[in-house]
Amino acid sequence: EGAASLAAGLHHVPQLTSLYLFHNRFGSEGAACLAAALHNVPQLVLLNLSENNIGPEGAASLAAGLRHVPQLVSLALSFNGFGDEGKRAIAFAAPICCLGKLGFDVPDSVLCARRNVRSAVVAV
């Protein structure tokens with residue numbers, strides 16, 4: 001419910017550059033709502049959705065939404081239970097030109113430079 005309400009309001013802040021929503025546990029349904037609203041914040045540079053129990057289903061939704069934030073530089077997704085398939089979906093959907101950091105569950109080793117993200121995720 002909270003993630004859906006927040007997502008519904010994103011069209012009011014198209015200039016938003018940072019969104020920290022860690023440890024809210026909104027699950028895959030909340031992630032789907034947020035993903036569907038990302039087109040409203042095309043200037044987003046930093047997105048932290050760590051510890052939200054998003055799961056593989058939510059990862060697929062999020063992967064689809066990431067195409068709408070081409071300026072994204074940092075994406076934190078630690079401890080969401082994506083599994084390998086969810087991690088791959090996100091790594092391949094994340095903006096190619098700009099993303100500098102992508103974090104899943106392992107400290108340091110998965111905060112990869114964008115040029116290494118795809119190979120690192122496949123190896124995880």
Side-chain angles (χ1 to χ4, degrees):
E1 235 178 84
S5 296
L6 177 77
L10 286 179
H11 71 279
H12 293 293
V13 287
Q15 71 283 5
L16 188 71
T17 59
S18 299
L19 186 57
Y20 293 87
L21 295 174
F22 60 94
H23 198 64
N24 283 286
R25 304 188 189 282
F26 48 70
S28 62
E29 290 179 18
C33 291
L34 285 170
L38 286 177
H39 70 278
N40 291 310
V41 287
Q43 296 179 36
L44 198 65
V45 175
L46 187 147
L47 179 60
N48 186 331
L49 299 177
S50 295
E51 297 184 42
N52 281 298
N53 296 330
I54 293 172
E57 201 172 292
S61 298
L62 188 56
L66 289 175
R67 293 182 175 93
H68 300 290
V69 286
Q71 304 299 320
L72 198 65
V73 174
S74 181
L75 177 60
L77 298 167
S78 298
F79 306 108
N80 275 301
F82 290 144
D84 291 343
E85 288 303 310
K87 290 176 184 178
R88 279 189 198 92
I90 288 175
F92 283 100
I96 294 170
C97 66
C98 302
L99 191 63
K101 295 193 177 189
L102 172 61
F104 287 113
D105 298 331
V106 182
D108 299 330
S109 63
V110 293
L111 292 175
C112 305
R114 179 65 179 135
R115 64 185 175 279
N116 297 322
V117 167
R118 290 183 177 155
S119 59
V121 170
V122 172
V124 170

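Excluded from the calculations below are hydrogen atoms, water molecules and symmetry mates; all remaining heavy atoms, backbone and side chain alike, are included. Source: prediction; values computed, not measured.
- With sequence neighbours excluded, the residues that form a side-chain contact (heavy atoms from CB on, under 4.5 Å) with Phe22 are Tyr20, Asn48, Ser50.
- The two residues Gln15 and His12 come nearest to each other via the heavy atoms OE1-O, 4.5 Å.
- One distance of note links CG of Asn53 with NE2 of His23; it measures 9.5 Å at 0.5 Å rounding.
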Which atom pairs, one a donor and one an acceptor, fall under 3.5 Å between side chains of residues 38-47 and the rest of the protein, sequence neighbours left out?
residue : atom : partner : partner atom : Å
His39   : ND1  : Ala36   : O            : 2.9
Asn40   : ND2  : Ala37   : O            : 3.3

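- Ala8 and His11 get closest at one heavy-atom pair: O-ND1, 2.8 Å.
- Contacts of Ala32 classified as side-chain contact (heavy atoms from CB on, under 4.5 Å), with partners at least two apart in sequence or in another chain: Ser61.
- For the side-chain contact (heavy atoms from CB on, under 4.5 Å) test, residues two or more places apart in sequence or in another chain that qualify with Asn24 are Leu21, Phe26, Asn52.
- To the nearest 0.5 angstrom, Leu62 atom CG is 8.5 Å from Asn80 atom CG.
- Nearest heavy atom pair, residue Ile54 against residue Ser28, reads O-CB, 3.3 Å.
- For the residue pair Pro56 and Phe82, the shortest heavy atom distance occurs at CB-O, 3.5 Å.
- Under the salt bridge (charged side-chain N to carboxylate O under 4.0 Å, His left out) criterion, Glu57 pairs with no residue at all, not counting sequence neighbours.
- For Ala63, the side-chain contact (heavy atoms from CB on, under 4.5 Å) criterion is met by Ala89, Ile90, Ala93, not counting sequence neighbours.
- Residue Glu51 qualifies as enclosed at atom CD: its count of foreign heavy atoms under 6.0 Å is above 12.
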